[in-house]
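What you see is a predicted model, and the numbers here were worked out from it, not measured in a lab. Computation of the quantities below employed the complete heavy-atom set of this structure, encompassing side-chain atoms and omitting hydrogens, waters and symmetry-equivalent molecules.
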Amino acid sequence: MAEVTETTAASSSEGKKPAVPETKRLWGDEVDDEEVQPSATEEKAVSELNVDALAIDENTKVNKFLDEPEDSRIQAVTTGDTPYTSASTFEDLNLSPELLKGLYVEMKFQKPSKIQAISLPMIMTPPYKDLIAQAHNGSGKTTCFVLGMLSRVDPQLQRPQALCICPTRELSIQNMEVLRKMGKYTGISSECAVPIESRNNDRSRSRPPISAQVVIGTPGTIKRLMSQKKLGVTDMKVLVFDEADHMLAKVHIQHESLVYFFLFPIWFQVLLFSATFDETVKNFVSKVVKDYNQLFVKKEDLSLESLKQYKVILPDELAKIGVVKDRILELGENIGQIIIFVNTKRSASMLHTSLVDLGYEVTTIHGALNLEDRDKIVKEFKDGLTQVLISTDVLARGFDQQQVNLVINYDLPVKYENQSEPHYEVYLHRIGRAGRFGRKGAVFNFIMTDHDLMIMRKIESYFNSPVAEIPSWGSEEDYKAALKEAGLL
DNA sequence: AAAAAAC
């Protein structure tokens, strides 16, 4: 059963006024104000929760969706008196026949996943309230907002009506591919607003305004298009932030181009999606959205059951490269695809060079590569032409390649501001590249120093998810046993 | 520092 619980949010509205007035929502309000930081809980009164309506009948489960974690404990909090009924089939959503056909024929979906069943009615039911939606990695969030955007577009109106902002170029392209596939029969037009080849940037000046009905892209390009009046918002109905916690992190808001979005009033629906929302971000987003519904998952419930995590304790850098070379790269084809995450571009290049020098076929992606190379490397990996990909955190979030069974944290993710703090969110997103939609997967965390060990322990306790130790870093048998235990061999 | 992107 979907566990739907009335949370503490309901009890602690102590008559505080919302920070933003009901009628006028100017995103610029109080963005910089450190002192007034009302929590999400104080911002609104949770008046009613339709527990029964939101419950999902597990008996009607059709298993296109493999083993969606049974205990994915998504909790829902709704505001106002709009009743929402969880959608057990896509027919429940009053979608156009064209859209339904896209879901069944192109996407080969049979029924909504849990997050889809709960969130889609919230997205599609008037008065189209804002939504903060947290759900596990690989549980089908993209479908939620892509379907949300497609279903709200008026096909007769050739103007931008839905906008989706993503943290990276790669994710924008991926989401666009999903949208075009799903919307294939609808005739809805779309445009990807991401940086194009570094040279001929003149094109954007002379180009006509965007008429596409759905626009997906990265902050910088979207900002530029808007300030050049190439992207109008007059007919906008939905604004989606994919990986919303990352997009709206305070650092971003203050120092980056996203600040632009806070300068004009928002009258349309805002949807925030991510697998992670840390407390700081949660408190902050309550200023961005208002009178919103929310779906969230406790951090202890966020680890994927189907994913086995291990730590490998090894003496030095040489041993790290040795393990990748002798244990990982020798596994052969039947292990599926592998992503090796590193913390810096330099680390990526170094590992890449040492492996290529030894004659191994690995590819590497990071933000310093030119755009054509980035596209090419992602495409080759998605086409299954390459098995092993070294990556910085460019691909830590959202990257969806179902054949990835093994993720390696060659470096453990730490916070930049404080190197002795793990970056919990990045860790969760990285490992979520394996085990998409309930598939089995394994994670190897390389532990080289005492500091690494401390970071690892903190991660384990934060997610309350123990990470088994590979007994001996040099033993081939130990890795095989681990992979067997994970169900991969 | 990963990333975004370039007026």
Selection from B/dC7, B/dA4, B/dA1 that lies nearest to any side-chain heavy atom of A/T168: B/dA4
Proximal nucleotide (of B/dC7, B/dA2, B/dA4) relative to the A/D393 side chain: B/dA2
Minimum-distance nucleotide to A/K345 side chain [options: B/dA2, B/dA1, B/dC7]: B/dA2
Salt bridge A/D393-A/K345, side-chain N to carboxylate O under 4.0 Å: no
Proximity to the side chain of A/T344 - top-ranked nucleotide from B/dA1, B/dA6, B/dA4: B/dA1
Nearest-angstrom distance from the residue atom CG of A/L369 to C1' of B/dA3: 13 Å
Stepwise side-chain hydrogen bond (donor to acceptor under 3.5 Å, both in side chains) check, A/N293 with A/D130: CA-CA 6 Å; A/N293 295 321; A/D130 293 349; over 6 Å; no
Separation of atom CG in A/N343 from atom P in B/dA3, rounded to whole Å: 11 Å
Nearest-Å distance for atom pair NZ/P, residues A/K229 and B/dC7: 17 Å
Spacing of A/H429 atom NE2 relative to B/dA3 atom C1', expressed in whole Å: 14 Å
Derivation and outcome, salt bridge (charged side-chain N to carboxylate O under 4.0 Å, His left out), residues A/K311 and A/E469: CA-CA 5 Å; A/K311 54 188 168 223; A/E469 187 177 330; 5.4 Å; no
Evaluation steps, salt bridge (charged side-chain N to carboxylate O under 4.0 Å, His left out), between A/E425 and A/R397: CA-CA 10 Å; A/E425 288 75 30; A/R397 283 168 174 266; over 6 Å; no
Rounded interatomic separation in angstrom, taking NE2 from A/H366 and P from B/dA3: 8 Å
d(CD, A/Q419; C1', B/dA1) in whole Å: 9 Å
Nearest-neighbour nucleotide for the A/P219 side chain, B/dA4, B/dA2, B/dA6 considered: B/dA4
N/O donor-acceptor pair, side chain A/H246 with base B/dA2, under 3.5 angstrom: yes
In a table with atom names and distances, give each donor-acceptor pair under 3.5 Å that connects a side chain of residues 322-330 of chain A to protein atoms at least two apart or in another chain.
{"unit_1": "A/R327", "atom_1": "NE", "unit_2": "A/G474", "atom_2": "O", "d": "3.3"}
{"unit_1": "A/R327", "atom_1": "NH2", "unit_2": "A/G474", "atom_2": "O", "d": "2.9"}
{"unit_1": "A/E330", "atom_1": "OE2", "unit_2": "A/Y360", "atom_2": "OH", "d": "2.7"}

Spacing of A/N370 atom CG relative to B/dA3 atom P, expressed in whole Å: 14 Å
Integer-rounded Å distance: B/dA6 P and A/R169 CZ: 12 Å
Sugar-phosphate only, base, or nothing, as touched by A/R374 at under 4.0 Å among non-hydrogen atoms: sugar-phosphate
